[in-house]
There are 2 protein chains.
Amino acid sequence: MARLKTHDEALRLRLLHRAAATVFDRGTAALSLRQLAADVKTSTTAVYSLFGNKAGLLRSLYEEAARLFVARLAAIRPTDDPAGDVIRLGLVYREYAIANPHLYAILFSDRSVQCPSESESERPPEAIETYRPLVDAVRRGQQAGQFSSESDPEVIALSVWGTAHGLVSLVLSGNEPPGLAVADCYERALGVLVAGWRESKGKVQGFADVP
Amino acid sequence: MARLKTHDEALRLRLLHRAAATVFDRGTAALSLRQLAADVKTSTTAVYSLFGNKAGLLRSLYEEAARLFVARLAAIRPTDDPAGDVIRLGLVYREYAIANPHLYAILFSDRSVQCPSESESERPPEAIETYRPLVDAVRRGQQAGQFSSESDPEVIALSVWGTAHGLVSLVLSGNEPPGLAVADCYERALGVLVAGWRESKGKVQGFADVP
DNA sequence: AAGCATTCGTAACGGCGTTGTAATATGATG
DNA sequence: CATCATATTACAACGCCGTTACGAATGCTT
């Protein structure tokens, strides 16, 4: 009927692998479809038949990055000390992000910045999966009496995720205060949060009147 | 000596104002030097004689964004309740960031992503100034006995900054967990942190053996 | 008035993502 | 086996982009 396909799954994987190598190593700005096609010794058409466009390729890279990150966190097996698990998850979270800054960037940078054409009605973000293990640990911690059971476990986990993501992002964006041991601060901040969520914490009162 | 200059300070301000309008409104990806020059009815040469290149223009926009953000935080006058000041700073921080997402993005997104040519040996980041008021409030809080004096005030402030920046960034990047009141979580996380730093918090022990 | 140093606008360069199109390679058909 | 039909690919062109080379415009000096 027609010529045999060379734009097949194998080529898709080769393109994806090569693109991941450059993006995870040098960032999305260093990725060019023409260069990528040349590297894999095919034409730019391949990218369009296999990924739609550059946004589609980046979306696949995003999914790959999410897979890797989630897998790394899933390697932290739950223990009988859930509060400790939360801290350990945070430390590994930071360690992996710092070790793979561009992988972390494609997961958490504003995607409208990376690729303006990408609409907001895209498939839901998978980076949020990196926060599921935290929720599980907090939930187990509540059952073990290590966290207040009056607070939504997702709220507790989100506060930890926010702190982790924030301190990691500040370092990665070059905004860490000079002369400060951010790693220590990171661990202590997590410790304060985990300890603070032991007792029930209602909504803080008296700060409604913001000037 | 030569023809009179039209690439003067006035034109510089007009370019800067116009560029700020588009970038703060639609992001750096929406900024084109050619379009910008056309809008201000000059040539692209003007940008190069006044800002060097696009990175220089973005650098000036960065400084402008930092100025605006710092000014907004400086409007929070210290009270005799420094711990409350910390919370208030955090709330205004979030409010302003959410209201001006692209302004916040140019301040805190990885600048090597925004403009690859920009070397890392550029002028030091000014976004860190947004964290100075926090340090001051914490320092006053320590003198008032609201925070442990055994911890570096910069460490306490950084933990708060990290939490604020992290939760704000998660929302701006579209990674907020669905069905969760992130604003409440934000306020409660800050409350837990501020309360947690009351007592001296040493380095958390026993988590060194990360699997 | 002529010369000249300086400044600016235009056009060109290389590269990008994307798309239209023509060549190609195959299975089906006679 | 030769031809056709068609799915599939490679290539070139389009319209952008940031950047730069260069000639034109300008006003002071002689």
Side-chain angles (χ1 to χ4, degrees), chain A residues 1-16 18-20 22-23 26-62 106 109 111-119 122, chain B residues 1-16 18-20 22-23 26-62 102 106 111-119 122:
Chain A
M1 198 91 102
R3 57 196 286 188
L4 18 55
K5 303 190 65 157
T6 61
H7 292 182
D8 54 358
E9 186 63 19
L11 180 59
R12 204 191 96 96
L13 290 179
R14 280 169 53 217
L15 282 170
L16 206 55
R18 190 70 177 84
T22 61
V23 168
R26 301 190 291 132
T28 57
L31 182 70
S32 152
L33 293 197
R34 304 166 104 110
Q35 187 64 48
L36 172 66
D39 290 346
V40 187
K41 278 165 182 58
T42 179
S43 62
T44 62
T45 313
V47 178
Y48 288 88
S49 66
L50 288 170
F51 298 95
N53 52 16
K54 185 172 185 178
L57 174 60
L58 288 181
R59 172 74 206 184
S60 293
L61 287 177
Y62 173 87
I106 202 178
S109 68
R111 294 207 296 296
S112 70
V113 168
Q114 303 268 0
C115 200
S117 62
E118 203 167 0
S119 166
E122 296 286 322
Chain B
M1 200 89 100
R3 60 196 280 189
L4 19 57
K5 302 190 66 160
T6 61
H7 293 182
D8 53 359
E9 187 64 18
L11 180 58
R12 202 191 98 97
L13 288 180
R14 281 169 53 217
L15 283 170
L16 205 56
R18 189 71 177 83
T22 63
V23 167
R26 301 190 291 132
T28 58
L31 182 70
S32 152
L33 294 196
R34 303 166 103 109
Q35 189 63 49
L36 172 66
D39 289 346
V40 187
K41 280 168 181 54
T42 178
S43 63
T44 63
T45 313
V47 178
Y48 289 88
S49 66
L50 288 170
F51 298 95
N53 53 14
K54 185 172 185 177
L57 174 60
L58 287 181
R59 173 74 206 184
S60 293
L61 287 177
Y62 173 87
H102 294 111
I106 202 179
R111 292 206 298 292
S112 71
V113 167
Q114 303 268 1
C115 200
S117 62
E118 202 168 1
S119 166
E122 296 286 322

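Letters go in sequence order (proteins before strands), and every chain restarts at 1.
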Q: For A/Leu31, answer base if it contacts any base atom (sugar-phosphate contacts may also be present), sugar-phosphate if it contacts only those atoms, and nothing otherwise; contact means non-hydrogen atoms under 4.0 Å.
A: sugar-phosphate

(Q) Just the rounded figure in Å: distance from C1' of C/dC16 to CG of A/Leu36. (A) 14 Å

Q: Return yes if the base of C/dG17 and the side-chain atoms of A/Arg34 contain a donor-acceptor N/O pair under 3.5 Å, otherwise no.
A: yes

Q.
At a heavy-atom distance below 4.0 Å, what parts of residues 41-48 of chain B sit against DNA chain D?
A. B/Thr44, B/Tyr48

Q.
With salt bridge (charged side-chain N to carboxylate O under 4.0 Å, His left out) as the rule and sequence neighbours excluded, what pairs involving residues 41-53 of chain B come up?
A. none

Q. B/Leu16 and side-chain contact (heavy atoms from CB on, under 4.5 Å): which partner among B/Leu50, B/Leu36, B/Leu57?
A. B/Leu57

Q: For B/Leu33 and for A/Ser49, locate the closest nucleotide of DNA chain D by heavy-atom distance; then report the residue assigned to the nucleotide nearer the 5' terminus.
A: A/Ser49

Q. For the pair made of CZ in A/Arg3 and C1' in C/dA23, what is the distance, rounded to whole Å?
A. 8 Å

**Q.** Inter-axis angle, terminal five-pair segments of the helix from C/dA1-D/dT30 to C/dG30-D/dC1 [nearest 10°]
**A.** 50°

Q) Does anything in residues 5-14 of chain B pair up under salt bridge (charged side-chain N to carboxylate O under 4.0 Å, His left out), and if so which pairs, sequence neighbours excluded? A) B/Glu9-B/Arg12

**Q.** Rounded distance (Å) that lies between atom C1' of D/dT26 and atom NE2 of B/His7
**A.** 14 Å

Q.
What is the separation between atom CG on B/Leu15 and atom P on C/dG9, rounded to the nearest whole Å?
A. 11 Å

(Q) I'd like to check the side-chain hydrogen bond (donor to acceptor under 3.5 Å, both in side chains) partners of B/Arg34; sequence neighbours left out, ordered by chain and number. (A) none

Q: Please name the pair of heavy atoms, one in A/Lys54 and one in A/Leu33, separated by the smallest distance, quoted to 0.1 Å.
A: CB-CD1, 4.0 Å

Q. If you check every side-chain atom of A/Asn53, which of D/dT19, C/dT18, C/dG9 has the closest atom?
A. C/dT18

Q) Rounded to whole angstroms, how far apart are CG on B/Leu57 and P on D/dG18? A) 10 Å

Q) Taking atom C1' of D/dG18 as reference, at what distance in whole Å does atom CG of B/Leu58 sit? A) 12 Å

Q. Considering residues at least two apart in sequence or located in another chain, which fulfil the side chain to side chain contact (heavy atoms under 4.5 Å, CB included) criterion with A/Thr45?
A. A/His7, A/Ser43

